[in-house]
Amino acid sequence: MFDAVEAIPPGRVSTYGAIGRMVGVGPRRVARALSQGGGAVPWYRVVRADGTVAEPVRVRQLELLAAEGVPMRDGRVDLAAVGWP
């Protein structure tokens, strides 16, 4: 799972569901794994299916995504523009 997150290019994002489908687990398991031990991978490049970010790390995640030039629209990542894969 962490390898799939590591593969997301800078400036792009994926969803918990997309990563889960790649590795054969559900989106909640992806979220749990990233929250418990994903610090060494670009965890901030993974968002919810609606483009929103995780509330507990919202401010930091939005800062990191903005630093990579990820476009936002109404407080959500524009998945149509930067969704991966």
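Computed from a predicted model, the values in this text were never measured in an experiment.
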Checking the side chain of Ser14 only, and the main-chain atoms of Val46 only, is there a donor and an acceptor separated by less than 3.5 Å?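 No; zero donor-acceptor contacts below 3.5 Å.
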On a heavy-atom basis, which atom in Leu65 and which in Tyr44 lie closest, and how many Å separate them?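 In this case the closest contact between Leu65 and Tyr44 is CD2-O, 3.3 Å.
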Could you pull out the closest heavy-atom pair between Pro71 and Val82, with the gap in Å?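 For Pro71 and Val82, the tightest heavy-atom pair comes out as CD-CG1, 3.4 Å.
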Side-chain donor/acceptor pairs under 3.5 Å, residues 18-35, sequence neighbours excluded:
from  : atom 1 : to    : atom 2 : distance (Å)
Arg21 : NH1    : Gly17 : O      : 3.4
Ser35 : OG     : Ala31 : O      : 3.4
Ser35 : OG     : Arg32 : O      : 2.9

Test: salt bridge (Lys or Arg N to Asp or Glu O under 4.0 Å). Region: residues 73-85. Which pairs qualify, not counting sequence neighbours?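 Passing the test, one end in residues 73-85: Asp50-Arg76, Arg73-Asp78.
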Taking only residues at least two apart or on different chains, which pairs with a member in residues 57-71 satisfy salt bridge (Lys or Arg N to Asp or Glu O under 4.0 Å)?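 Residue pairs passing salt bridge (Lys or Arg N to Asp or Glu O under 4.0 Å), neighbours aside: Arg45-Glu68, Arg60-Glu63.
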Working for side-chain contact (heavy atoms from CB on, under 4.5 Å), residues Thr15 and Arg48: CA-CA 5 Å; Thr15 64; Arg48 296 177 181 142; over 6 Å; no
Set of residues satisfying side-chain contact (heavy atoms from CB on, under 4.5 Å) with respect to Pro56, sequence neighbours excluded: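 Only Ala54 meet the side-chain contact (heavy atoms from CB on, under 4.5 Å) criterion with Pro56.
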Can you list the residues that meet the side-chain contact (heavy atoms from CB on, under 4.5 Å) rule with Glu6, with sequence neighbours excluded?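 By the side-chain contact (heavy atoms from CB on, under 4.5 Å) rule, Glu6 matches Val41, Pro42.
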Atom pair CZ (Arg12) and CG (Leu79), whose distance is rounded to the nearest 0.5 Å: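 These two atoms lie 10.5 Å from each other.
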